[in-house]
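So the structure is just underneath, and the comments pick up after that.
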Number of protein chains: 2
Amino acid sequence: MPSLRIGALAERAGTNAPTIRYYEEIGLLRPADREVGGQRAYGEEDVKRLTFIRRCRDFGFSIEQVRSLVALVEDRERSCMEARDLAQEHLAAVRAKLDELKGLERSVVSFIASCDASCAGGPGPDCAILDDLTKP
Amino acid sequence: MPSLRIGALAERAGTNAPTIRYYEEIGLLRPADREVGGQRAYGEEDVKRLTFIRRCRDFGFSIEQVRSLVALVEDRERSCMEARDLAQEHLAAVRAKLDELKGLERSVVSFIASCDASCAGGPGPDCAILDDLTKP
DNA sequence: GTAGCCCTTCAAGTCACTTGAAGTTCAAGA
DNA sequence: TCTTGAACTTCAAGTGACTTGAAGGGCTAC
């Protein structure tokens, strides 16, 4: 059975070597087997698990949430619905962030519009917008 | 002239004391004058400046961007359009983040939908979704 | 043998603060 | 005047999720 070194695993799972060592350090990945020279050796199981972790991270799950999800995968006695619930909670957080960011977008757009309207074109010392921002 | 202490300044500007000390430490605020007992003393100028900084931060500008904006405010010889340009760049970043987050929202929604469809209701050991996430 | 890459560990840096510990100063009430 | 308690002081370390750097060891190919 061909064993992978850290760089190969990283490529297969779409991440990088330091991140893998970091995941091992924080206990998200089990400590890797070692080859004679002390280098980490991985197999297909590790590719699966790391791919899972990376996708969860891509989904925006926090490390702690990923830890829960990994536990759910490991322990199949527990309900898949637990994963769903976690995802549901996460969705609420994503949507909150989304709303916040939309508000921010509107603000910045109107900042730019005001700039265009009041300072249009010239390098003048009287910027109404910057003044506004300092008002109480 | 009544001078403010750090807590009062914090309240006036909508932030808090440790943050003000932090801003001073990183050079975003000038070192404060001190009263006899060594406590920081602030005036109206400081309220304006900190308010400006806080609003920029609320707008999602990074500390380094705020540093540039502060410099623009201090040096009125330079164009207000520079501030506009900075804001424009920032808007692009906000929109990129927004798109990313929208994609994420869609993914999580469909994750949940699949969960509902394939594992509906039961605490079973066969979760198609979790399986999917581990595929290469 | 030697070049060049990949690997190892450990430590520190990133961002924008927040939290905690231990001590000092100030304003107000008894 | 004394005391209480809030607000202040400094310095250090913690947060999240890595990234970057230093200093060295191992593997493969020529």
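Residue numbers start from 1 in every chain, and the chains themselves are labelled A, B, ... in the order their sequence lines are given, proteins ahead of strands. Just the heavy atoms: all of them, side chains too, but no hydrogens, waters or symmetry mates, feed the values below.
- Residue A:I26 contributes atom CD1, which lies 17 Å from atom P of D:dG14 at whole-angstrom precision.
- Per the geometry, OH belonging to B:Y42 stands 10 Å off P belonging to D:dC8, to the nearest Å.
- The interatomic distance linking B:R34 (CZ) with D:dC8 (C1') rounds to 10 Å, in whole Å.
- The phosphate of D:dC8 has neither OP1 nor OP2 within less than 4.0 Å of any side-chain N or O from B:R21.
- Residue B:Y23 places none of its side-chain N or O atoms closer than 4.0 Å to OP1 or OP2 of C:dA16.
- OP1 or OP2 of D:dT10 sits under 4.0 Å from a side-chain N or O of B:R40.
- Contact check, B:S62 against C:dC15: no side-chain N or O comes under 4.0 Å of OP1 or OP2.
- Of the residues near DNA chain C, B:Q39 and B:F61, the one whose nearest nucleotide (by heavy atom distance) lies more toward the 5' end is B:F61.
- Spacing between atom CG of B:N16 and atom C1' of D:dA6 amounts to 17 Å, rounded to whole angstrom units.
- For A:E24 and D:dA17, the CD to C1' distance is 17 Å, given to the nearest whole Å.
- Contact between the side-chain N/O atoms of A:T19 and the OP1/OP2 oxygens of D:dA17 is not found at any separation under 4.0 Å.
- When all heavy atoms of A:Y42 and A:R5 are compared, the closest pair comes out as CD1-C, 4.3 Å.
- Expressed to the nearest 0.5 Å, how far CG of B:L9 lies from CZ of B:R49 amounts to 12.0 Å.
- Distance CZ/A:R54 to CG/A:N16: 11.5 Å, rounded to 0.5 Å.
- Atom CZ of residue A:R40 and atom OG of residue A:S3 lie 13.5 Å apart, to the nearest 0.5 angstrom.
- Distance, A:Y22 OH to D:dA17 C1': 4 Å, rounded to whole Å.
- The CD atom of A:E25 sits 17 Å away from the P atom of D:dT20 (whole-angstrom rounding).
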